[in-house]
Amino acid sequence: MIRVLILGGTRDAVDLAGAAALDETEVIYSLAGVTREPNLPGCQVRTGGFGGPEGLEAYIQSTGIDAVVDATHPFAAEIAANAFAACQQTGVPRLKFLRPPWQPGPDDDWIEAASTSDAAAYLADHPGTAFLTIGGRELAAFAGLPNCRFVVRYIHPPKGGVPLENCAVVVDRGPFDAAGESGLMRARGVQYLITKNSGGEGAAAKLGAARSLGIPVIMIARPAPPEGKIAGTEAEAIAWLQSL
Ligand code: NAP
């Protein structure tokens, strides 16, 4: 029997936790605790930060974790770095589960941005109505753009409001399909889609909608993952666990 800590917070991580919890594998699924009513796997779940890399190191040791799969979102750079450091310190094997990034096709019109602030700088120079699908934490980067309008989608109504003027809030939870995304973008007069390059199928419908409507996509590049082994698919991650 091995005890595996899966650092989660994404649909892919929930699916992986379900698939990994086989006879010889005990899975503990970990969440930051930032989302209300999160999707959960059927295995044991713990919630909340560990207290930096040292806290995670202590958790790994006290809980007898044999392996860590970091299946957090590609943009969750802090927990990824903490997992790298804690596993280095404890000598526990770690795998980064990371879907390949989306790539533009011939019919896509992508503007590549190195960061959220880079995307905001582009919009400042090319104002318009932007559908922002970057999560709630970094919206302030788009504040102070009086010639722009925004459509922001949340899973739950935002507590404490939205830090943007000229902003329409849409409350909805995926999965979304291309027809629904097209309808939303058309109805709201969207001229740009701004998104993080999350990869995977779950959030890709908006890209298909932008393509069919001829809407440019301001695509924010991922931070580099920590060094070490990466699995791009659930099957690769399961194979890695089975090899332990
Ligand atoms: P982050 O900046 O990398 O992490 C911030 C802190 O949150 C970490 O230092 C850690 O606290 C805690 N944390 C993050 N993920 C955790 C987990 N799975 N289990 C326990 N503690 C965790 O992360 P973030 O970008 O705020 O994302 C937070 C969560 O939302 C992640 O689990 C991620 O998978 C999910 N998510 C993020 C995005 C995104 O765009 N960033 C999108 C979708 C889902 P301590 O230092 O105290 O341990």
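Fair warning: this is a prediction, and the values are worked out from it, not measured in the lab. Both counts, for ligands and for their atoms, begin at 1 and track the order of listing.
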Should you measure from each heavy atom of [X], which atoms of ligand 1 turn up under 4.0 Å away?
X	value
K196	39 (C), 40 (O), 41 (N)
R46	20 (C)
N82	9 (O), 46 (O)
A77	3 (O)

Tell me which protein heavy atom sits closest to [atom], plus the residue, atom name and distance to 0.1 Å.
atom	value
atom 24 (P) of ligand 1	R137 NH1, 3.6 Å
atom 5 (C) of ligand 1	E78 OE1, 3.9 Å
atom 8 (C) of ligand 1	I79 CB, 4.2 Å
atom 46 (O) of ligand 1	G52 N, 3.0 Å
atom 47 (O) of ligand 1	G51 N, 2.9 Å
atom 23 (O) of ligand 1	A76 CB, 3.5 Å
atom 11 (O) of ligand 1	G49 CA, 3.6 Å
atom 44 (C) of ligand 1	G9 O, 3.3 Å

Practice task
Using a strict cut-off of less than 4.0 Å between a Lys/Arg side-chain nitrogen and an Asp/Glu carboxylate oxygen, indicate whether R153 and E181 qualify as a salt bridge.
Solution key: yes
Exercise for the section: Using a strict cut-off of less than 4.0 Å between a Lys/Arg side-chain nitrogen and an Asp/Glu carboxylate oxygen, indicate whether R211 and D107 qualify as a salt bridge. Expected result: no
Exercise for the section: Decide if atom CD of E236 counts as having more than 12 heavy atoms of other residues, nucleotides or ligands within a radius under 6.0 Å. Expected result: yes
Problem - More than 12 heavy atoms of other groups within 6.0 Å of R149 CZ - result: no
Problem - side-chain hydrogen bond (donor to acceptor under 3.5 Å, both in side chains) against E138, all qualifying residues, sequence neighbours excluded - result: T116, K196
Between [options], which one has a non-hydrogen atom sitting closest to [atom]?
atom	options	result
atom 19 (N) of ligand 1	S30, S198, A81, G8	S30
atom 43 (C) of ligand 1	E54, R11, H73	H73
atom 22 (C) of ligand 1	G136, A32, G48	A32

Donor-acceptor pair, [X] side chain versus [Y] backbone, under 3.5 Å?
X	Y	value
R46	G48	yes
R222	N197	yes
T63	Y59	yes

Exercise for the section: Could you tell me whether ligand 1 has any atom less than 4.0 Å away from a heavy atom of L31? Expected result: yes
Problem - Residue-ligand contact G55/ligand 1, heavy atom below 4.0 Å - result: no
Practice task
Decide whether D12 and T10 meet the rule of one side-chain donor and one side-chain acceptor closer than 3.5 Å.
Solution key: no
Completion exercise
Hits for side chain to side chain contact (heavy atoms under 4.5 Å, CB included) against A113, two or more places apart or cross-chain, chain-then-number order -> D118, A119, I218, I220
Exercise for the section: Examine Y154 together with H156 and report whether their ring centres are nearer than 6.0 Å. Expected result: no
Problem - Short N or O distance, F50 and ligand 1, threshold 3.5 Å exclusive - result: yes
